[in-house]
Amino acid sequence: MKVGILSYHFPPEPAFIPGSLAEELAARGHEVRVLTGFPDYPGGQAYPGWRQRWRHETRNERLSVRRVPRYVADGEASTRARLTSYLSFAGSAALVARRFLAGIDVLYVFQLPATSFAAASVPRLIGRVPTVLHVQDVLPEDAPPGDERWTARIGSAMARAFRAADRIAVTAPSMRDLVVAAGADPERVSVLLNWTDERIFHPARPSAEARQLVRRDGRCVVMHAGTIGARQGLETAVRAAAALDSTTDLVLVGSGADERRVRGLAAELRAENVRFVERRSPLDMSDLYAAADYQLVMLRDLPELRGSVPGKLQAALSCAAPVLVSAGGDTADLVERARAGLSCPPEDWASLADRFWLAATIPPSARSDMGRRGREAYLREMSLPAGVDRMERLLREVARTRTPA
């Protein structure tokens with residue numbers, strides 16, 4: 001096949017789903033053309049050595065990547081600035097799509113809220129090529145509370161893309177309901193769980209440096225690695241850890257918009273067992289995971305998050321790390337079904353404290369069994385080969401019909 005890929009983010013940004021899909025499809029003999037922007041995530045600044053310009057294309061035997069300029073909005077940008085970035089990418093992609101994507105058999109869209117405007121416009125410009133949307137989220141992670149105009153504009157663009165798509169893949173069972181509610185034909189929606197970057201996230205033995213960084217004594221260590229933002233609600237974890245300061249350490253690795261507030265709460269509660277580690281390279285994470293006893297996955301109790309499965313869950317399962325989940329919906333269901341850890345309702349610090357206490361009492365051999373079962377479930381249901389196989393079949397089915405919606 002000749003496959004077009006439309007993605008707001010692409011490597012060297014941490015966008016391993018579209019990046020690995022492009023590489024795997026090219027390795028399987030397909031011609032792949034990627035239309036994306038210049039790398040600026042997550043810092044909101046152009047990567048060193050990169051300069052935005054109109055004519056930037058890289059090619060190898062079967063994979064071409066065309067990058068287009070977009071307005072760069074940093075992590076502290078206003079709602080208007082972020083919306084401008086989304087719209088500018090859509091405009092730039094539209095200007096080059098007709099020529100760059102001419103003759104493709106099928107278009108794959110890595111569907112984030114940021115891609116919504118481009119996803120609604122680009123397919124119309126390239127002759128209504130059959131389109132597959134791979135929906136990752138239905139609401140911007142940084143959506144400001146109560147900003148109805150922001151939510152409405154993004155929602156309207158996503159609904160147009162959903163209605164026009166020939167097939168839609170969603171990353172969790174409950175997300176299917178959200179996508180159908182937004183206007184998608186239920187007959188065209190299927191579940192395809194995300195995979196992780198298996199070159200980075202794999203079982204490992206902890207180094208002495210990782211142990212020194214993560215562990216302080218013989219207490220149980222629960223680690224949260226990733227964004228400290230509004231979606232995670234890490235204040236709940238801090239309160240739970242503060243109630244168990246003699247049995248459990250909570251280690252927060254990363255940064256984000258809510259970091260100052262979470263640090264402030266830890267100081268206010270005098271939670272000496274809560275420690276903060278600055279953002280680390282993804283290459284370090286398997287080592288750090290192995291040095292901790294459990295990986296913590298947090299999501300707030302919001303309807304739109306019940307159909308979300310954070311990428312850190314796949315990373316933890318791939319590393320054979322036992323998991324503690326404070327979330328509802330599909331995230332908790334996946335862990336419980338795999339018997340890969342413990343779960344509790346979201347935003348309930350007392351229940352989470354109880355799980356922290358229970359986790360600390362579980363012997364190391366039983367923790368290892370949790371991790372083993374989690375990795376087996378990952379390899380069976382979420383691995384890179386399994387995910388790409390399913391997406392390749394979906395792309396073939398859509399390309400074979402050549403009858404757009």
Side-chain angles (χ1 to χ4, degrees), residues 4-23 33-58 63-97 100 108-122 134 136-137 139-144 150 153-154 157-158 194 196-197 200 225-231 253-259 278-285 310-312:
I5 292 181
L6 176 66
S7 181
Y8 190 79
H9 297 300
F10 197 75
E13 294 173 298
F16 49 84
I17 297 294
S20 56
L21 179 65
E23 291 176 357
R33 303 179 207 168
V34 179
L35 183 56
T36 187
F38 286 85
D40 59 36
Y41 180 82
Q45 296 180 344
Y47 281 25
W50 290 82
R51 179 176 58 85
Q52 296 206 69
R53 57 188 188 274
W54 275 107
R55 296 189 177 276
H56 186 285
E57 185 174 336
T58 57
L63 175 60
S64 303
V65 181
R66 176 68 185 267
R67 297 185 185 269
V68 295
R70 66 180 179 224
Y71 176 77
V72 177
D74 63 36
E76 302 298 324
S78 65
T79 299
R80 184 183 296 273
R82 290 193 293 270
L83 191 60
T84 300
S85 181
Y86 300 173
L87 288 166
S88 67
F89 174 69
S92 295
L95 287 173
V96 304
F100 178 67
Y108 165 92
V109 180
F110 188 64
Q111 178 68 52
L112 297 165
T115 326
S116 298
F117 300 107
S121 59
V122 166
H134 196 181
Q136 305 294 308
D137 209 343
L139 188 70
E141 183 169 356
D142 49 9
W150 161 267
R153 292 198 70 178
I154 296 290
M158 294 190 83
N194 276 347
T196 193
D197 191 336
I200 296 175
T227 303
I228 304 176
R231 285 190 167 193
V253 182
S255 61
D258 278 15
E259 181 180 355
E278 64 183 11
R279 186 194 299 269
R280 311 289 291 193
S281 165
L283 299 176
D284 298 334
M285 296 315 298
K312 63 171 65 68

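FYI, side chains are in, hydrogens and waters are out, and symmetry mates aren't considered; it's all heavy atoms of this structure. Bear in mind that the values here come from a model prediction, so they are computed numbers and not experimental data.
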Visitor: Where the side chain of S85 meets the backbone of Y71, is there a donor-acceptor pair that is under 3.5 Å apart?
Guide: yes

Visitor: Any donor and acceptor pair, going by atom type alone, linking the side chain of T115 with main-chain N or O of L6 inside 3.5 Å?
Guide: no

Visitor: Would you indicate whether R53, at its atom CZ, is surrounded by more than 12 heavy atoms from other residues, nucleotides or ligands within a distance under 6.0 Å?
Guide: yes

Visitor: Between I228 and G254, which heavy-atom pair has the shortest distance, and what is it?
Guide: CD1-O, 3.8 Å

Visitor: Does any N or O in the side chain of R33 come within less than 3.5 Å of the main-chain N or O of F100, such that one atom is a donor and the other an acceptor?
Guide: yes

Visitor: Do Y86 and I154 come within less than 4.5 Å of each other through their side chains, counting heavy atoms only?
Guide: yes

Visitor: Please evaluate residues E13 and D40 with respect to the criterion side chain to side chain contact (heavy atoms under 4.5 Å, CB included), reporting the C-alpha separation (whole Å), side-chain torsions for both, the decisive distance (0.1 Å), and the verdict.
Guide: CA-CA 7 Å; E13 294 173 298; D40 59 36; 3.8 Å; yes

Visitor: Could you walk me through whether Y108 and S7 satisfy the side chain to side chain contact (heavy atoms under 4.5 Å, CB included) test, starting with their C-alpha distance in whole Å, then the side-chain angles of each, then the deciding distance to 0.1 Å, before giving a yes or no?
Guide: CA-CA 9 Å; Y108 165 92; S7 181; over 6 Å; no

Visitor: Would you say Y47's side chain and Y41's backbone share a donor-acceptor pair under 3.5 angstrom?
Guide: yes

Visitor: I need the minimum non-hydrogen distance between R279 and S255, along with the two atoms involved.
Guide: NH2-OG, 2.8 Å

Visitor: Could you name each residue pair satisfying salt bridge (Lys or Arg N to Asp or Glu O under 4.0 Å) that touches residues 109-119, not counting sequence neighbours?
Guide: none

Visitor: Looking only at heavy atoms, what is the nearest atom pair of V68 and A93, with distance?
Guide: CG2-N, 4.1 Å

Visitor: Would V72 and Q52 count as a side chain to side chain contact (heavy atoms under 4.5 Å, CB included) here? Give the steps.
Guide: CA-CA 10 Å; V72 177; Q52 296 206 69; 3.3 Å; yes

Visitor: Closest heavy-atom contact between S116 and P113?
Guide: OG-O, 2.9 Å

Visitor: From T227 OG1 over to E259 CD, what is the distance, rounded to the nearest 0.5 angstrom?
Guide: 11.0 Å

Visitor: Within 45° of the axis and under 6.0 Å from the centre of the six-membered ring of Y8, does NZ or CZ of R70 qualify?
Guide: yes

Visitor: Which value, rounded to the nearest 0.5 Å, describes the distance between R66 atom CZ and T36 atom OG1?
Guide: 12.0 Å

Visitor: Output, in order, the C-alpha distance, side-chain angles, deciding distance and verdict of side chain to side chain contact (heavy atoms under 4.5 Å, CB included) for R153 and L87.
Guide: CA-CA 11 Å; R153 292 198 70 178; L87 288 166; 4.1 Å; yes

Visitor: Indicate the atoms forming the closest heavy-atom contact of A90 with A118, along with that distance.
Guide: CB-N, 3.5 Å

Visitor: Do Q136 and N194 come within less than 4.5 Å of each other through their side chains, counting heavy atoms only?
Guide: yes

Visitor: For the residue pair W54 and L95, establish whether any side-chain heavy-atom pair is separated by less than 4.5 Å.
Guide: yes

Visitor: Taking all atoms of both residues into account, what is the closest heavy-atom pair of I5 and P18, and its distance?
Guide: CD1-O, 4.4 Å

Visitor: Determine whether a donor-acceptor pair (N or O, by modelled atom type, separation under 3.5 Å) exists between the side chain of R67 and the backbone of G37.
Guide: yes

Visitor: For the pair H56 and W50, name the ring-plane relationship: parallel under 30°, tilted 30 to 60°, perpendicular over 60°.
Guide: tilted

